Amino acid sequence: MGKALEVIGLSKRFLGLQALKEVSLHLEEGEILAVIGPNGAGKSTLLNLLSGLIKPDQGRILLLGRDISHLPPETRTHLGLGRAFQIVQPFPELSVRENLLVGALFGKPGLKRKEAEAWVAEVLDLTGLAPRAEALAGELTLLEDKRLELARALATRPKVLLLDEVMAGLRPKEAEEAVALVRRIRDSGVSVLFIEHLMPVVRALADRVVVLDHGEVIAEGTYEKVAQEERVREAYLGRRA
Amino acid sequence: MRELSHLPFLSFFLLLFALLPFLPLGIWGAFLLDVGFFIQLFTAMALSWDLVARTGQLSLAHGAFFGLGAYGAGLLAPHVGTLPALVFGAFVAGAGALLLGSVTLRLHGLYFAIASLAFSEVLRTLALKLAFTGGPIGLPVPPPFGGVWPLAAYYLSFGVLLLATALSHWAEWSPFRLAQAATRQSEAVARVLGVRVVRVKLWSLLLGSLVAGLSGGVYGMKTLFLSPYDAFSLGRAVEALVIPIFGGLYSTLGPLVGGVVLVGLEQALRLWIKEGYLVVYGAILILVILFLPRGLVGLLGRRRG
């Protein structure tokens, strides 16, 4: 199996703060990878670098073997990289269906309008948003907003999907449904990299976990393995006195 | 009222304008034809401003595009004839738009507005100082088609309105609308969803400027004289943005209804209230903006993004 996403020596500095320091990690095709770490560990910076909203100081990003380090965000999307934001940012003046159509129509250039509309209908069904398709995105509940965020990323037909804390704020039952949804997405052939604070979700969903602390990778492996590591416990709980 | 079937409305207005010269209006005929001319031209300006605004770019450069088109067409008309001169004027405005657009790619909303204002001021100063524009003395412009046909200017402005309406309608009812709306509501999210934001903004500005340039060209052929203060007036840009706000933003019907009502109102008030008609005009404007935040067409139904 090939690598869906490969990050090599990625560094980013904001003024005095070294947000990421020579981070290397990879995502296998068909894998669900969790990136965890305490607040300020550099998780969101990593995602912004991956989707191209900010530029790295050093390092390379390979998407399905292709160097995308210097490509603008829209081109990365065209090549198969999808992203859902942590803070949901629907287009409030567009309906749910139209929000998805933006992703479907422009996420893959050359797609016919009919095909895009059919794909949007599928995504609406998959994410349970079909009954709300004609509602304005500005009128949704938080749960629906979260679903829309995920659905819109899915509408771009990604091969690799980046999820930024899409479960935050959900009740346990809702999070369970979301976990099942992400599994279905993976089973349809999408590789998933997700950032998450909720450990039960990480445990349930992740094939593998990468732990970031102070912008560096401090551990990597199965959930059970990294949860045992001293450095990970220290990062989360503080050093033992 | 999602699928506001506005084609009948649009067709009605356009048909009315097309037939206006042939309606039995008696002694009012000449006056109404003049009013109709300005309604058409400024409504076309408003539509072209709205087309740009749909991407979140608040243009104060529409006076500049208007002026570029007016001077471009006015300077060339004596040598190449009416229609080629108008096309040339539009291209000059388009070139100006591409120049402005390519240096303001990263700007949005108010920041773009300031940059476009500066652009406009620079061009007016150039028109004042350069020799071939006639400077502050101004530039005489020949009437269209040698002046043999009195309705020529009227129908040229009708043509510009037709073009502006067609462009705006296309942009509103094609996938381009979603690209524009996404760009306006969040550029970063739009890009992550694959929208080529830079292209969407540049195309919108270019199309808008072509219509504004044509409007300027026709304007010169009607007034037969251009001065930098008139052609590059900031007031032109303000009028182009007031009409869509008054009628309803981000649509074709909004600027069209707004233009007919507002420009018509202005001309009528000017006739009825010789002294201080602008006070009444301003008061009506304020009332509509206060009580109809989505403009006149907000009365008709829900807005599409």
Side-chain angles (χ1 to χ4, degrees), chain A residues 47-48 50-54 71-85 87-113 116-117 120 134-139 148-149 151-158 162 164, chain B residues 1-4 50 53-58 102 105-106 108-109 170-204 244-245 248-254 293-295 297-298 301-305:
Chain A
L47 239 53
N48 283 337
L50 291 180
S51 52
L53 290 175
I54 55 177
L71 297 178
E74 56 270 28
T75 312
R76 297 182 193 204
T77 303
H78 300 160
L79 291 173
L81 189 67
R83 170 177 184 176
F85 287 87
I87 299 162
V88 292
Q89 308 191 36
F91 302 122
E93 295 165 25
L94 296 181
S95 73
V96 169
R97 185 189 300 281
E98 289 169 334
N99 263 271
L100 299 198
L101 262 177
V102 172
L105 280 167
F106 304 108
K108 292 286 166 290
L111 199 65
K112 295 225 172 60
R113 200 170 169 174
E117 276 165 6
V120 164
E134 309 312 326
L136 283 185
E139 299 165 349
L148 174 58
E149 191 59 48
R152 204 171 48 175
L154 211 52
T156 65
R157 292 184 190 250
L162 310 174
D164 195 351
Chain B
M1 218 169 145
R2 172 140 219 83
E3 299 297 329
L4 181 67
D50 193 73
R54 291 175 202 174
T55 64
Q57 294 169 296
L58 212 155
S102 52
L105 287 178
R106 294 169 178 283
H108 206 75
W170 166 78
E172 193 183 357
W173 297 91
S174 72
F176 196 60
R177 176 180 75 98
L178 292 175
Q180 286 190 314
T183 302
R184 177 177 78 245
Q185 293 173 47
S186 168
E187 278 190 28
V189 177
R191 296 186 76 174
V192 167
L193 290 173
V195 178
R196 292 187 171 108
V197 163
V198 167
R199 242 189 249 190
V200 172
K201 286 165 75 175
L202 269 183
W203 268 109
S204 303
I245 293 171
L249 284 167
Y250 316 140
S251 66
T252 304
L253 201 56
R294 283 157 54 208
V297 292
R302 186 167 111 173
R303 173 160 108 202
R304 307 165 81 244

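Keep in mind that what you see is a predicted model, and the values were worked out from it rather than measured. Every chain is numbered from 1, with letters handed out A, B, ... down the list of sequences.
Contacts of A:P92 with chain B are made by both backbone and side-chain atoms, with heavy-atom separations under 4.5 Å. At a 4.5 Å heavy-atom cutoff, the contact between A:F91 and chain B is made by backbone and side-chain atoms alike.
In this structure, B:E172 contributes its side chain and B:S251 its backbone to no donor-acceptor pair below 3.5 Å.
By number of non-hydrogen pairs under 4.5 angstrom with chain A, the leading residue of B:L178, B:V197, B:V198 is B:L178. Contact count versus chain B (heavy atoms, under 4.5 Å) is highest, among A:R83, A:Q89, A:H78, for A:H78. The candidate from A:L81, A:L101, A:T156, A:V102 with the greatest count of non-hydrogen atom pairs under 4.5 Å with chain B is A:V102.
Looking at residues two or more places apart in sequence or on another chain, you find a side-chain contact (heavy atoms from CB on, under 4.5 Å) between A:A137 and A:P90, A:N99, A:L148.
Here the OG1-CZ distance, from A:T75 to B:R191, works out to 8.0 Å after rounding to the nearest 0.5 Å.
Here A:E117 pairs with A:R113 in a salt bridge; the nearest charged N to carboxylate O distance falls below 4.0 Å.
A donor-acceptor pair shorter than 3.5 Å cannot be found between the side chains of B:Q57 and B:S204.
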